[in-house]
Visitor: 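Submitted below is the structure of interest, expressed as structure tokens.
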There are 2 protein chains.
Amino acid sequence: MPYLKMQPVEMESVDCRIMTSALDLFVERGFHNVSVHDVQRRANVSIGSIYNHFGSKEGLAKSLYYHLVKEFEEMVEDIIDEDLSIRERCNQLIWQLLEYTETRRNIVAFMLHAKHREFLPDEPPVCSAAPFKAMRNIVQQGMATGEIRDGDPWVVASTVFGGAIRLIHLRLDGVINQPITLYYDELVDCTWLGISPTMDSVLREQAV
Amino acid sequence: MPYLKMQPVEMESVDCRIMTSALDLFVERGFHNVSVHDVQRRANVSIGSIYNHFGSKEGLAKSLYYHLVKEFEEMVEDIIDEDLSIRERCNQLIWQLLEYTETRRNIVAFMLHAKHREFLPDEPPVCSAAPFKAMRNIVQQGMATGEIRDGDPWVVASTVFGGAIRLIHLRLDGVINQPITLYYDELVDCTWLGISPTMDSVLREQAV
DNA sequence: GTCTATACGCTGATAGAC
DNA sequence: GTCTATCAGCGTATAGAC
């Protein structure tokens, strides 16, 4: 059952069936452990069809990759377009990342887990793609407005999203067995307030 | 030039040359884009030799993997054996991770970046290997002694090390162009105190 | 545009001399 | 234990009918 967001066109296009099958197989076994025959079989099309549509196995992977980056980018854009504080934006992003991991596991797995350089040698790394740049942008805005601690953009951005991404990896690897959306509140607390318990006491004292 | 830590034995053993060559090639091109012939050529041995020592390409990868996990584990054990507070232990670990990334790039890349499941299907994910368990253990101890904010172990551990691991990935991907050891101090601050600037002000106010 | 049958290169692995 | 020569199978890609 294809579940990729498709452009206006028909939902059941051959392209979509092929890409969906490819995505699932690539995530299950890894790009190099999937033959074009495998994709062909799962998508219920002929090999000729695949080569007609995508030119090569690499071409198929590339199309799929672009498609997913775009979908991801739109998600980020949607959040940016909402009228939110920087902090709320970051949290919203973290939430969506966790939620995507649960509801569209393979998309996240392909974006975050797959080592594209191995089969798309000319592609820059994912983290330099548009959506990731947008994420870092948000962080920098936050530093400018004073909503986020000032410092090196890389360090701060890594701290903001590093915890979430780490949780996602653990979940994808099957080390964590429950939906990570359950961890959202606690994760956000840890990230913004830090893991040092002294800060807690400071706050508590203040509250008293 | 082989740079793997070798057991007591001679530093220039054939095993070591083969494993070092394999490590470099695997990291450069990915396991599946490296043929046994490639390894053989770089290590200046014959194919027969490789099959004699390791039985198969997968056997070579497995030996290499075990070797590196062990080396990593020893690093963690060394830190645990030192007489340090939990917090210092965590920081020491973070430092070592950053430093390893700079001085033994390929080892870290192979451990953190490589998707072992693709070529070692029966291997559990890296993050469930001994050294990672030890890292989570330290965090749990910290929660027990009150040195670390109490909470779900996964979330807290991900927050403690997530930032560092994220930085390492960015560095390995070539997105960050300077040694990440430079970021150590700031990273540790962000992690323990959180990225919320309000905490800073709280502290500052307190200090006044 | 879709299909089947086929070609051809590469790579993991072995045999057997030294 | 080390080497070279060789095999067998798989997997990408194409040719050509429909």
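Every chain is numbered from 1 and lettered A, B, ... according to where its sequence line falls, protein lines coming before strand lines.
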Visitor: Can you sort out the partners of Glu99(B) under salt bridge (Lys or Arg N to Asp or Glu O under 4.0 Å), two or more places apart, ordered by chain and number?
Guide: none
Visitor: Which two nucleotides bound the region of DNA chain C that has atoms under 4.0 Å from heavy atoms of chain B, read 5' to 3'?
Guide: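 Both ends considered, the range comes out as dT11(C) to dT14(C).
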Visitor: Applying salt bridge (charged side-chain N to carboxylate O under 4.0 Å, His left out), which residue pairs with at least one partner in residues 25-51 of chain A are found, sequence neighbours left out?
Guide: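 Only Glu28(A)-Arg42(A), Arg29(A)-Asp38(A), Asp38(A)-Arg41(A) qualify under salt bridge (charged side-chain N to carboxylate O under 4.0 Å, His left out).
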Visitor: Under the rule for ring-ring contact (aromatic ring centres under 6.0 Å, His included), what residues qualify as partners of Phe110(B), not counting sequence neighbours?
Guide: His116(B)
Visitor: Identify, with sequence neighbours excluded, every residue that meets ring-ring contact (aromatic ring centres under 6.0 Å, His included) alongside His113(A).
Guide: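 His113(A) satisfies ring-ring contact (aromatic ring centres under 6.0 Å, His included) with His169(A) once adjacent residues are dropped.
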Visitor: Between Val45(A) and Glu58(B), name the one whose nearest nucleotide on DNA chain C is closer to the 5' end.
Guide: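 Result: Val45(A).
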Visitor: Please tell me whether Glu123(B) and Tyr66(B) have a donor and an acceptor in their side chains that are separated by less than 3.5 angstrom.
Guide: yes
Visitor: How many whole angstroms separate atom CD1 of Ile47(A) from atom P of dA15(D)?
Guide: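 Between P of dA15(D) and CD1 of Ile47(A): 15 Å.
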Visitor: Not counting sequence neighbours, which residues clear ring-ring contact (aromatic ring centres under 6.0 Å, His included) with Phe31(A)? List them please.
Guide: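 Per chain and number, Phe31(A) pairs via ring-ring contact (aromatic ring centres under 6.0 Å, His included) with Phe26(A), Phe119(A).
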Visitor: Indicate every side-chain donor-acceptor pair of residues 156-167 of chain A with a distance under 3.5 Å to a residue at least two apart or in another chain.
Guide:
unit_1, atom_1, unit_2, atom_2, d
Ser158(A), OG, Trp154(A), O, 2.8
Thr159(A), OG1, Val155(A), O, 2.8

Visitor: Listed in order of residue number, which residues of residues 27-41 of chain B have a non-hydrogen atom at under 4.0 Å from DNA chain D?
Guide: none
Visitor: Could I get the full list of ring-ring contact (aromatic ring centres under 6.0 Å, His included) partners for Tyr184(A), not counting sequence neighbours?
Guide: Trp95(A)
Visitor: Taking NZ from Lys57(A) and P from dC10(D), how many angstroms apart are they, rounded to a whole number?
Guide: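 That distance rounds to 15 Å.
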